[in-house]
Amino acid sequence: MKRKYSIVLASLLVGAVSLIGAEESLEEAFKNGEIKGNVALYGQSQKMDEGTPSNYGFGSGSTTLSYETAPLHGVSLGMGAWGVTKLGEKNDDDYKNAIAKNALISEAYIKVEQEGMGKAIVGRQSVDLEWMSDFVDGAMFELSAIENLTLTLGWAKKYAVINFDEVSSKFEKINGNDGVFVVDAKYTPIEWLELNPYYYYASDMLSALGLKTTLSAQISEDIKTQTALQYVKVNSAIANTPDGYVTRLEQGVELYGATLALGYVKVDKDSTAGLGAFGDKMPLEEGNHMLDPNAKTPYLSAKVDIEGVKLSALYGETKYFDAINLKEKEINLGIGYEFMKHLEGELIYADIKNDANADSYQVVKALLKYEF
């Protein structure tokens with residue numbers, strides 16, 4: 001597979017060079033490229049209910065920078081990097097335990113895109129699928145030639161988390177050198193219905209077949225509802241690891257600008273068979289046990305925007321099996337505000353109460369970010 005990946009990459013490079021044609025065209029593509037990024041300050045403080053030390057935390061400053069050339073005959077090149085520096089910490093290694101690497105190349109790709117047809121991206125890139133998120137190193141093909149249908153075909157050989165509160169030490173291999181394949185389709189046959197079937201396959205890890213269905217309704221000008229139902233069956237390819245499934249239901253309603261949602265996540269009594277190893281979209285800020293075997297999590301969330309101040313609250317209660325039946329309650333409170341164009345701040349508070357007191361804690365996360 002590694003050889004096939006290299007052949008695809010080389011083919012795209014050769015194709016890009018052959019399409020360039022003239023030196024001045026290449027110069028224009030680089031000159032008219034787009035630069036994006038941000039400069040941010042981040043702080044995190046955590047207090048444990050039990051244990052010594054009882055307080056953890058760190059502060060950091062970070063810069064992200066990404067650049068993509070203007071398309072030349074549909075071909076563009078992109079690169080992005082993430083740099084972080086420690087501003088302080090409460091205990092030795094508090095920063096290092098969260099930020100494993102101070103600098104990481106997050107993106108390095110070749111993109112071929114044709115309007116009305118789709119695009120192909122090969123290399124390091126950000127992804128945002130139901131069970132694959134953050135950053136991967138691989139190949140993603142998005143086809144949009146059929147009306148109301150977006151089909152994503154992909155293969156990822158490496159995976160990394162790169163965020164303000166966590167940075168991986170490197171892009172780690174997925175499933176050895178074999179990686180994971182994904183097929184993800186989003187189809188909207190009618191305006192109020194979206195069907196999202198998907199399939200993940202990693203030869204020595206798992207295969208997962210799932211469907212997410214979203215129904216949206218406009219009751220009146222000020223009232224909207226959204227119903228989401230999802231089920232995924234996971235077959236394990238690892239010896240002595242049982243198969244499993246994940247079910248998620250969520251009912252949301254938007255009332256005069258405020259959004260309320262009631263949801264439920266259920267995991268098979270055996271396990272998820274490894275699903276979630278390369279990202280997920282679970283709702284809780286911490287959600288330590290939402291994907292544990294036999295976990296059951298009802299949750300309730302609310303969001304409102306009051307003259308630019310974004311307020312959010314979320315409560316979840318996870319019952320899970322860990323030798324004995326345990327329960328973990330979590331409250332999330334958030335506030336965000338855009339001080340001026342491109343400059344915004346966010347404050348998140350999470351209170352986790354576990355039946356095992358040693359796993360109970362409170363954490364505050366603060367972010368000030370300027371985007372350009």
Side-chain angles (χ1 to χ4, degrees), residues 33-47 56-68 78-90 94-109 124-129 132-136 159-171 257-259 279-287 301-314 330-351 362-372:
E34 183 180 13
I35 297 176
K36 295 190 295 185
N38 65 64
V39 179
L41 295 173
Y42 176 79
Q44 178 174 319
S45 179
Q46 182 171 317
K47 183 180 185 303
Y56 298 85
F58 69 91
S60 65
S62 64
T63 301
T64 64
L65 187 65
S66 64
Y67 171 77
E68 183 177 307
M79 178 166 284
W82 184 289
V84 193
T85 185
K86 180 177 69 177
L87 299 180
E89 59 184 354
K90 290 185 177 180
D94 281 0
Y95 171 81
K96 186 178 179 180
N97 288 336
I99 311 298
K101 192 82 169 180
N102 284 332
L104 206 58
I105 301 297
S106 55
E107 296 174 296
Y109 60 83
R124 289 189 179 183
Q125 57 192 285
S126 63
V127 291
D128 185 24
L129 299 174
M132 183 183 290
S133 56
D134 301 304
F135 291 84
V136 301
Y159 169 75
V161 178
I162 306 175
N163 211 326
F164 298 103
D165 60 350
E166 181 182 358
V167 177
S168 301
S169 60
K170 61 180 181 179
F171 276 74
T259 302
D280 63 73
K281 292 186 176 180
M282 293 296 103
L284 292 172
E285 179 67 23
E286 300 291 289
S301 68
K303 296 180 181 179
V304 64
D305 188 330
I306 304 175
E307 296 185 356
V309 179
K310 298 177 181 178
L311 302 174
S312 64
L314 193 155
E330 179 172 345
I331 297 174
N332 298 159
L333 300 175
I335 180 171
Y337 183 70
E338 186 176 32
F339 299 98
M340 61 179 67
K341 190 175 182 180
H342 304 305
L343 178 64
E344 60 183 21
E346 183 180 28
L347 185 67
I348 296 174
Y349 170 77
D351 185 359
Q362 300 80 46
V363 61
V364 177
K365 302 177 181 181
L367 174 66
L368 182 64
K369 178 176 65 174
Y370 177 77
E371 292 186 325
F372 56 87

Inter-residue atom distance L65.CG - W82.CH2, 0.5 Å rounding:
12.5 Å
In Å, rounded to the nearest 0.5 Å, how long is the span from CG of D134 to OG of S126?
9.5 Å
Check A258 against V304 and note the closest heavy-atom contact, atom names and distance.
CB-CG2, 4.1 Å
What's the shortest heavy-atom distance between N332 and A350, and which atoms?
ND2-CB, 3.5 Å
Can I99 and F58 be said to form a side chain to side chain contact (heavy atoms under 4.5 Å, CB included), step by step?
CA-CA 10 Å; I99 311 298; F58 69 91; 4.1 Å; yes
Heavy atoms, side chains only, cut-off 4.5 Å: are V136 and Q125 in contact?
yes
Closest heavy-atom contact between A108 and I105?
CB-CG2, 4.3 Å
Scanning both residues in full, the closest heavy-atom pair of S168 with A100 reads C-CB, 3.9 Å
Could you tell me which non-hydrogen atom of F339 sits nearest to which non-hydrogen atom of G345, and how far apart they are?
CE1-N, 3.6 Å
Any donor-acceptor N or O pair under 3.5 Å, side chains N102, Y95:
yes
If you round to the nearest 0.5 Å, how far is CD of E338 from CG of L343?
8.0 Å
Within the 4.5 Å heavy-atom criterion, are K281 and D128 side-chain neighbours or not?
yes
Which atom names give the shortest non-hydrogen contact between S106 and A81, and what distance separates them?
OG-N, 3.7 Å
Side-chain touch T64/I162, heavy atoms, less than 4.5 angstrom
no
Without placing hydrogens or testing angles, list every side-chain donor-acceptor pair under 3.5 Å for residues 364-372, not counting sequence neighbours.
residue : atom : partner : partner atom : Å
K365    : NZ   : D165    : OD2          : 3.3
K365    : NZ   : E285    : OE2          : 3.0
K365    : NZ   : E286    : OE2          : 3.1
K369    : NZ   : E371    : OE2          : 3.4

Quick one, R124 with F135, criterion side chain to side chain contact (heavy atoms under 4.5 Å, CB included). Give me CA distance, side-chain angles, the key distance, then yes/no.
CA-CA 7 Å; R124 289 189 179 183; F135 291 84; over 6 Å; no
CA sep, side-chain torsions, deciding dist, call: Y56, Q44, side-chain hydrogen bond (donor to acceptor under 3.5 Å, both in side chains):
CA-CA 8 Å; Y56 298 85; Q44 178 174 319; over 6 Å; no
How long is the span from the CG atom in L333 to the CD1 atom in I335, to the nearest 0.5 Å?
10.5 Å
How about NZ on K90, more than 12 heavy atoms from neighbouring residues, nucleotides or ligands closer than 6.0 Å, or not?
yes
For the CD atom of E330 and the CG atom of D351, what is their distance to the nearest 0.5 Å?
8.5 Å
May I have the step-by-step check of side chain to side chain contact (heavy atoms under 4.5 Å, CB included) for F164 and S62, ending in yes or no?
CA-CA 8 Å; F164 298 103; S62 64; 3.6 Å; yes
Enter the distance from E344:CD to Y337:OH here, rounded to the nearest 0.5 Å.
12.0 Å
